[in-house]
Trainee: 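Before I ask anything, let me first share the structure, which is written out below as structure tokens.
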Protein chains: 2
Amino acid sequence: MARIKDVAAQAGVSVATVSRVLNDNPSVTEETRNRVHDAMAALNYRPNAVARSLRTEATRTLGLIIGDILNPFFAELARAVEDEAREAGYTVVIGNADERADQQDHYVRTLMEQRVDGLIICPTAEVTPLVEEVSKGQRPLVFLDRTLHGIDVPSVRADGGTAIAELVAHLRALGHRRIAFVSGPGTLSTGRERTAAFLRAAADHGLQVPEEYVRVGDFRAGSGQRITAELLDLPEPPQAIFLGDNLMALGALDEIRRRGLDIPGDVAVASFDDVPWFNHIQPRITAISQPTAELGRRAVRVILDALAGRTATSVVLPAALVVRESCGEARPATKARRSDGRRKEAGS
Amino acid sequence: MARIKDVAAQAGVSVATVSRVLNDNPSVTEETRNRVHDAMAALNYRPNAVARSLRTEATRTLGLIIGDILNPFFAELARAVEDEAREAGYTVVIGNADERADQQDHYVRTLMEQRVDGLIICPTAEVTPLVEEVSKGQRPLVFLDRTLHGIDVPSVRADGGTAIAELVAHLRALGHRRIAFVSGPGTLSTGRERTAAFLRAAADHGLQVPEEYVRVGDFRAGSGQRITAELLDLPEPPQAIFLGDNLMALGALDEIRRRGLDIPGDVAVASFDDVPWFNHIQPRITAISQPTAELGRRAVRVILDALAGRTATSVVLPAALVVRESCGEARPATKARRSDGRRKEAGS
DNA sequence: GACCTCCATGTAATCGGTTTCATGAGGGTA
DNA sequence: TACCCTCATGAAACCGATTACATGGAGGTC
């Protein structure tokens with residue numbers, strides 16, 4: 001592979017001049033610049049980012065550690081982070097923690113060794129010694145989606161409190177009194193906060209929430225299915241089940257379908273996280289939608305702020321309730337309307 | 001950040017010795033090794049992978065360029081690639097081409113500059129000059145999922161030919177004669193091959209496929225919706241629509257639902273790519289399933305083979321038809337055989 | 001013509017590791 | 001005691017860029 005030295009020889013200049021051309025240094029003559037460009041083209045020269053990074057102590061690379069790349073929420077987050085970073089001239093290295101603390105730490109270690117300029121973490125567990133050490137270091141760090149307790153790092157996340165309250169009101173208005181909630185792990189802020197918001201909203205509506213209606217899943221489909229089965233097997237099963245994320249909702253739908261139950265006739269379903277296919281199935285799933293892409297972009301901007309020496313501050317964006325049909329007919333009068341979508345002559 | 005020199009001073013040895021400890025060189029005394037380890041711990045030393053890579057000319061990093069990270073197929077592919085690479089001690093840098101040739105080239109360029117040890121590309125378009133140049137270079141390269149014409153690079157992909165033939169037979173057996181196919185762009189091998197396989201199978205069954213039943217989409221939801229609308233608006237609309245990937249199927253379902261049509265009563269639907277939610281909606285979608293994770297793992301192994309000096313050979317794995325209910329009741333006669341999963345009393 | 005300024009370019013140090021080769025201590029043997 | 005061998009360790013070159021500083025030629029001023 002051609003090196004800067006080869007280009008210099010080919011163009012009849014010094015390596016310093018080639019470097020200046022590479023970095024758009026204005027003090028290079030038009031004519032010299034052309035000669036260098038010709039030489040680079042002739043040799044198929046590709047600058048070595050490794051060598052450059054060693055000298056400049058900057059890699060123009062950001063690290064992103066997500067919980068689970070198969071979760072569409074994180075996929076969208078990753079995409080937004082990458083888009084925003086690319087526009088700023090940064091490359092993103094994605095690490096998939098697979099919701100495991102050890103794998104999260106593996107990526108923290110690897111990315112630190114790679115000397116990423118900044119690190120965005122969607123934490124998968126409680127504070128680990130490694131994360132704590134990194135948080136005290138000088139490298140910009142931001143938590144995305146989830147925060148960790150007792151650690152002073154800016155975070156970017158959505159607040160679902162208001163939307164959860166709206167959802168409980170919605171369920172209540174439809175006549176549901178027995179509502180179950182499947183949260184994420186208590187070690188994760190998103191698990192704790194959503195549970196707290198749910199219980200508060202239920203209390204506000206004078207609803208009794210028996211202990212067995214508040215369950216802890218792991219943000220994977222399997223736990224959603226298992227817990228839904230347990231809930232439906234209770235002597236007094238809930239009328240509505242609210243799942244803490246889209247994958248657990250997938251599992252729940254599966255279990256409900258397996259039992260041949262009707263949604264929302266036999267049991268109402270709502271989910272945190274809105275994903276495309278929620279809108280494409282029958283009935284469409286009522287969900288709490290997070291401003292996912294915006295969260296990703298803001299996280300990058302927090303990092304870029306820190307790199308530019310500006311103070312980085314946490315960001316909280318609101319989540320929003322998207323009412324569809326999986327909790328019941330929001331409008332008793334609409335029944336007629338829905339069925340005429342089937343008339344042949346109604347073709348648009 | 002502590003450097004190897006600091007560790008050496010702290011431990012009272014030379015940098016060479018510290019380097020030996022880092023690389024598990026056996027010729028270091030137990031006692032010296034301990035002193036060095038203590039020094040590293042005391043200084044919170046993290047080796048600088050950038051410096052190491054410069055000297056060793058190896059980054060232990062693989063580049064992966066996928067078509068669209070929001071497409072669950074590519075997400076699963078990425079996850080498999082990453083898992084396999086991590087086990088071999090490699091980090092993966094994912095580039096999201098967003099199905100655009102210019103963005104694909106952006107990542108090819110960036111990853112080459114970063115000196116990844118090998119590159120896995122799911123090509124998004126015809127051969128670009130840059131890709132051609134890279135293919136002639138010495139760096140291991142493999143095409144995943146899709147191949148490019150006239151370029152000598154090993155590839156790892158699934159062959160859907162047999163499964164497509166089975167699907168056509170399945171549709172035929174259910175009485176469908178007017179079958180439409182929405183393929184991917186003709187510039188992509190997956191688009192061309194699937195179209196050819198479909199036409200061949202149709203011919204084998206003596207089916208006439210009018211020109212307007214063979215459409216070209218772009219592997220995104222929008223085109224699936226638009227083309228489905230056009231197909232349904234034909235004077236003689238198809239009885240079955242076969243979508244070339246899961247995102248276009250999403251768009252198709254949306255359009256069919258919007259018109260209030262029944263699946264499979266009014267129109268049958270099948271898709272290439274099987275994704276989790278196909279199995280969770282009503283009716284469940286009949287699809288052709290690719291061995292996605294295995295494809296990803298094999299691509300990594302091809303790269304590792306090349307890096308180890310072994311000759312890398314292309315891999316083709318079969319795709320499989322997964323019959324569900326979206327094309328119609330599958331069993332007048334097969335009832336006994338296929339229904340075993342569904343019998344109420346057979347509940348697992 | 002002497003002197004100064006400006007500016008394009010070159011020389012060489014540097015980033016933090018790895019690796020080749022030299023070195024010297026220690027032990028074994030005659 | 002002299003010699004050799006083994007082996008743990010150190011000194012220094014090197015990877016390919018960037019950049020502080022040096023240099024020298026052109027042009028301007030008196």
Side-chain angles (χ1 to χ4, degrees), chain A residues 1-37 39-40 43-61 89 109-110 112-117 137-139, chain B residues 1-37 39-40 43-61 89 109-110 112-117 137-139:
Chain A
M1 193 128 233
R3 301 149 304 167
I4 201 172
K5 197 195 296 186
D6 304 317
V7 175
Q10 170 92 7
V13 299
S14 72
V15 293
T17 299
V18 177
S19 176
R20 288 189 187 99
V21 171
L22 280 175
N23 294 282
D24 283 324
N25 185 317
S27 80
V28 179
T29 310
E30 177 79 20
E31 194 249 323
T32 309
R33 184 180 307 275
N34 289 337
R35 276 223 313 288
V36 171
H37 276 141
M40 296 198 296
L43 297 173
N44 258 328
Y45 172 71
R46 303 269 161 226
N48 184 328
V50 174
R52 166 181 293 159
S53 294
L54 177 59
R55 177 61 223 237
T56 61
E57 317 211 277
T59 52
R60 294 200 78 77
T61 286
R109 197 172 301 111
T110 304
M112 291 304 284
E113 292 186 1
Q114 308 227 60
R115 298 297 194 266
V116 293
D117 292 342
Q138 62 307 317
R139 209 171 297 269
Chain B
M1 193 128 233
R3 300 147 305 166
I4 201 172
K5 197 194 296 186
D6 304 318
V7 175
Q10 170 92 8
V13 298
S14 73
V15 295
T17 300
V18 177
S19 176
R20 289 189 185 98
V21 171
L22 280 175
N23 293 284
D24 283 324
N25 186 318
S27 80
V28 180
T29 309
E30 178 79 19
E31 195 249 322
T32 309
R33 184 180 305 274
N34 289 337
R35 277 224 312 288
V36 171
H37 277 141
M40 294 197 298
L43 297 173
N44 256 328
Y45 174 71
R46 304 267 160 230
N48 185 329
V50 174
R52 166 180 296 158
S53 295
L54 177 59
R55 178 61 225 235
T56 61
E57 317 211 277
T59 52
R60 293 201 79 76
T61 286
R109 198 173 299 112
T110 304
M112 291 304 285
E113 292 186 0
Q114 308 227 60
R115 298 298 193 265
V116 292
D117 291 342
Q138 61 306 317
R139 210 170 296 270

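Residue numbering restarts at 1 for every chain, and letters A, B, ... go by the order of the sequence lines. As a basis for the values below, the full set of heavy atoms in this structure was taken, side chains included, without hydrogen atoms, waters or symmetry mates.
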Trainee: Can you identify which nucleotide, out of D:dA17, C:dG16, C:dA8, has its nearest atom closest to the B:Leu54 side chain?
Mentor: C:dG16
Trainee: How many Å lie between CG on A:Asn23 and C1' on D:dA20, as a whole number?
Mentor: 15 Å
Trainee: So, for B:Val15 and B:Ala8, which heavy atoms are closest and what is the spacing to 0.1 Å?
Mentor: N-CB, 3.7 Å
Trainee: To the nearest Å, how far apart are A:Arg52 CZ and D:dG16 P?
Mentor: 15 Å
Trainee: Shortest non-hydrogen contact from A:Leu54 to B:Leu54?
Mentor: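 Distance-wise, the nearest heavy atoms are CD2-CD2, 3.3 Å.
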Trainee: To the nearest Å, give me how far apart CD (B:Glu31) and C1' (D:dA8) are.
Mentor: 12 Å
Trainee: What's the closest nucleotide to the side chain of A:Arg55 if the choices are C:dG16, D:dG16, D:dA8?
Mentor: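 Of C:dG16, D:dG16, D:dA8, D:dG16 is nearest to the side chain of A:Arg55.
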Trainee: Look at the side-chain N and O atoms of B:Thr17 and state whether any lies under 4.0 Å from the OP1 or OP2 oxygen of D:dA8.
Mentor: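 No.
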Trainee: Would you kindly give the CE-to-P distance between B:Met1 and C:dG17, to the nearest whole Å?
Mentor: 10 Å
Trainee: Which is more 5' along DNA chain D, the nucleotide nearest B:Val13 or the one nearest B:Glu57? Just name the residue.
Mentor: B:Val13
Trainee: Quick check for you: among C:dT11, D:dT9, D:dT18, whose closest atom lies nearest to any side-chain atom of B:Arg20?
Mentor: D:dT9
Trainee: When you measure from the side-chain N and O atoms of A:Thr32 to the phosphate of C:dT9, is any distance below 4.0 Å, counting only OP1 and OP2?
Mentor: yes
Trainee: DNA chain D: B:Gly12 or B:Ala51, which has the more 5' nearest nucleotide?
Mentor: B:Gly12
Trainee: Rounded to whole Å, please give me the gap between CZ in B:Arg33 and C1' in D:dA8.
Mentor: 12 Å
Trainee: Rounded to the nearest Å, what distance is computed from the CG atom of residue B:Leu22 to the P atom of nucleotide C:dG17?
Mentor: 8 Å
Trainee: Send over the distance from B:Lys5 NZ to C:dT18 C1', rounded to a whole Å.
Mentor: 15 Å
Trainee: Rounded off to whole Å, could you give me the CZ-to-P distance for the B:Arg3 and C:dT14 pair?
Mentor: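 It works out to 12 Å between those atoms.
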Trainee: Please compare A:Val28 and A:Thr56 by the position of their nearest nucleotide in DNA chain C and report the one closer to 5'.
Mentor: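 The 5'-side residue here is A:Val28.
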Trainee: Taking C-beta and beyond as the side chain, do A:Met40 and A:Val36 meet within less than 4.5 Å on heavy atoms?
Mentor: yes
Trainee: With respect to the phosphate group of D:dA17, does any side-chain polar atom (N or O) of A:Tyr45 fall under 4.0 Å of OP1 or OP2?
Mentor: yes
Trainee: Please give me the minimum heavy-atom distance between A:Val21 and A:His37, naming the atom from each residue.
Mentor: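 So the minimum-distance heavy-atom pair works out to CG1-NE2, 3.7 Å.
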Trainee: From C-beta outward on B:Ser19, which listed nucleotide comes closest to its side chain: D:dA17, C:dT18, D:dT9?
Mentor: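 My answer, after comparing the listed nucleotides, is C:dT18.
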Trainee: Could you check whether A:Arg109 pairs with A:Glu113 (Lys NZ or Arg NE/NH1/NH2 to Asp/Glu carboxylate O, under 4.0 Å)?
Mentor: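 So A:Arg109 does not pair with A:Glu113 through a salt bridge.
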Trainee: Hey, does A:Thr29 reach any base, or is it just sugar-phosphate, or nothing, if we go heavy atoms under 4.0 Å?
Mentor: sugar-phosphate
